[in-house]
Amino acid sequence: MEAKTLKALVLGGTGEVGRELVKQLVAHPAFSKVTVVGRRPFEDVQSDKLVSKQVDFDKLQEYEDAFNDTQVAYCCLGTTRANAGKEGFIKVDRDYVLGAAELLKKAGCSHFHLVTAQGSNKDSMFLYPKIKGETEECTAEMKFDRLSIYRPGLLMCERRERRIFEGILQTFAKGFDWRNRFSVPVETVAKAMITNTLCSPDDAANQTPPIKEIITHDDILRLGID
């Protein structure tokens, strides 16, 4: 894809990673349009490049037009069991993600970026990594030309919503994880996603679509830090 022609779409723009990603996308010269799709209007970033579209994720099929004209899509959707309950967590982190991905695939999006988490595993006995792993596998089955899956460690940010256990871990990381062995700022994750978008996948000469790549915590640090 040529620079300054990319049309991007972001899901989960009101979350910490998504908000930072939108901010960096609209500031980057390689992107001419950034569409944020969500349940409510996106007002955190102001730019002539920005388009905000509201949808009902429980009725996504009625909003197919919101996903058209997209070359690259970034999915940062996510919640927690504590905030949404078990069923709510599964609905947001798996069902909403897959519903949106299906519409993007149908609309011709060629590169889909998915943020999950370190330790994602569809065979896990624990709910969080299991659902993240199932989402990864089902998205891969859609066969986007290129699928980039990001598995960051502990996200370092100031959340608008309170997550007590995460807050305790963040406090520990601030004091002891100065080399980012298990934590990563959301600014670094967003930058890594953009850098990866504009680079060819590793060993691209020997690969043909569909290409699936797993970007680990260490990969995110490599891509997102100058």
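In what follows, every heavy atom counts, from backbone to side chain, and hydrogens, waters and symmetry copies are set aside. Values in this document were obtained by computation on a predicted structure and should not be read as measured data. Position 1 is the first residue of the sequence, and the numbers go up from there.
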Between the CG atom in N196 and the CZ atom in R222, the distance rounded to the nearest 0.5 Å is 8.5 Å

Salt bridge flag under 4.0 Å for residues K106 and E64
yes

Contact check, side chains of V51 and V36, non-hydrogen atoms, under 4.5 Å: no

For I131 and T135 the tightest heavy-atom approach is O-OG1, 2.8 Å

Joint hydrophobic cluster, V26 plus V186, side-chain heavy atoms closer than 4.5 Å = yes

Are F112 and L77 connected, step by step, through hydrophobic side chains (Ile, Leu, Val, Met, Phe, Trp, Tyr) whose heavy atoms are closer than 4.5 Å? yes

Checklist entry - Should T35 and V10 count as side-chain neighbours, where that means a heavy-atom distance under 4.5 Å? => result no

State, yes or no, whether a side-chain contact exists between F57 and R39 at a heavy-atom distance under 4.5 Å. yes

Practice prompt. Start with the C-alpha gap between S32 and K7, add the side-chain angles, then the distance that decides, and say whether side chain to side chain contact (heavy atoms under 4.5 Å, CB included) holds.
Written response: CA-CA 6 Å; S32 59; K7 296 178 181 179; 3.9 Å; yes

For D44 and R19, the nearest pair of non-hydrogen atoms, with its separation, is OD2-NE, 3.1 Å

### Query
Charged N to carboxylate O under 4.0 angstrom, K23 versus E20?
yes

So, E134 and K130, do they make that salt bridge, N to O below 4.0 Å?
yes

Can you find a side-chain donor-acceptor pair between T197 and H113 that sits under 3.5 Å?
yes

dist T195:OG1 -> I215:CD1 (nearest 0.5 Å) comes out at 11.5 Å

Item to complete: Using modelled atom types only, decide if a donor and an acceptor are shared between the side chain of S52 and the backbone of F42 within a distance under 3.5 Å.
Response: yes

Does the T216 side chain pair with the main chain of D219, one donor and one acceptor, at a distance under 3.5 Å? yes

D56 atom CG, over 12 foreign heavy atoms within 6.0 Å: yes

Any ion pair linking K132 and D93 (charged N to carboxylate O, less than 4.0 Å)?
yes

Value for CD (E87) from CD1 (I90), rounded to nearest 0.5 Å, stands at 5.0 Å

CG (L198) and NE2 (H28) are apart, to the nearest 0.5 Å, by 5.0 Å

Discussion item. According to a hydrophobic-cluster definition based on side-chain heavy atoms being under 4.5 Å apart (Ile, Leu, Val, Met, Phe, Trp, Tyr only), do Y74 and L104 belong together?
Written reply: no

When every non-hydrogen atom of V184 is compared with those of P152, the smallest separation belongs to CG1-CB, 3.9 Å

For this session: Decide yes or no for L155 and V17: does some side-chain heavy atom of the first lie under 4.5 Å from some side-chain heavy atom of the second?
Result: yes

One should read off an interatomic distance between R94 CZ and F89 CZ, to the nearest 0.5 angstrom, of 9.5 Å

ask   = Would you say R40 and T14 make side-chain contact, with heavy atoms under 4.5 Å?
value = yes

| Residues, nucleotides or ligands: over 12 heavy atoms within 6.0 Å of K91 NZ | no

Passes side chain to side chain contact (heavy atoms under 4.5 Å, CB included), S148 versus R146? Steps please.
CA-CA 7 Å; S148 301; R146 185 178 175 188; 3.9 Å; yes

For this session: For the pair D69 and K33, find out whether any cationic side-chain nitrogen is under 4.0 Å from an anionic carboxylate oxygen.
Result: yes

Just do the side chain to side chain contact (heavy atoms under 4.5 Å, CB included) check on R81 and L127 with the steps written out, would you? CA-CA 9 Å; R81 183 173 183 171; L127 181 67; 3.8 Å; yes

- Item | ILVMFWY network linking L25 to L11, side-chain heavy atoms under 4.5 angstrom | no

Shortest non-hydrogen pair, S120 vs G133, comes out as CB-N, 4.0 Å

What do the steps show when you test L9 against Q71 for side chain to side chain contact (heavy atoms under 4.5 Å, CB included), and what is the final call? CA-CA 8 Å; L9 182 145; Q71 294 167 289; over 6 Å; no

What one should report as the nearest heavy-atom pair of H217 and Q118 is CB-NE2, 3.3 Å

Hydrophobic cluster identity match, V37 and V72, side-chain contacts under 4.5 Å: no

Here the pair of heavy atoms bringing Y150 nearest to M193 is OH-CA, 3.5 Å

- With distance as the sole criterion, is a donor-acceptor pair present between the side chains of Y96 and D58 under 3.5 Å? yes

Interatomic distance, CD@Q24 vs CZ@F31, rounded to 0.5 Å, equals 10.0 Å

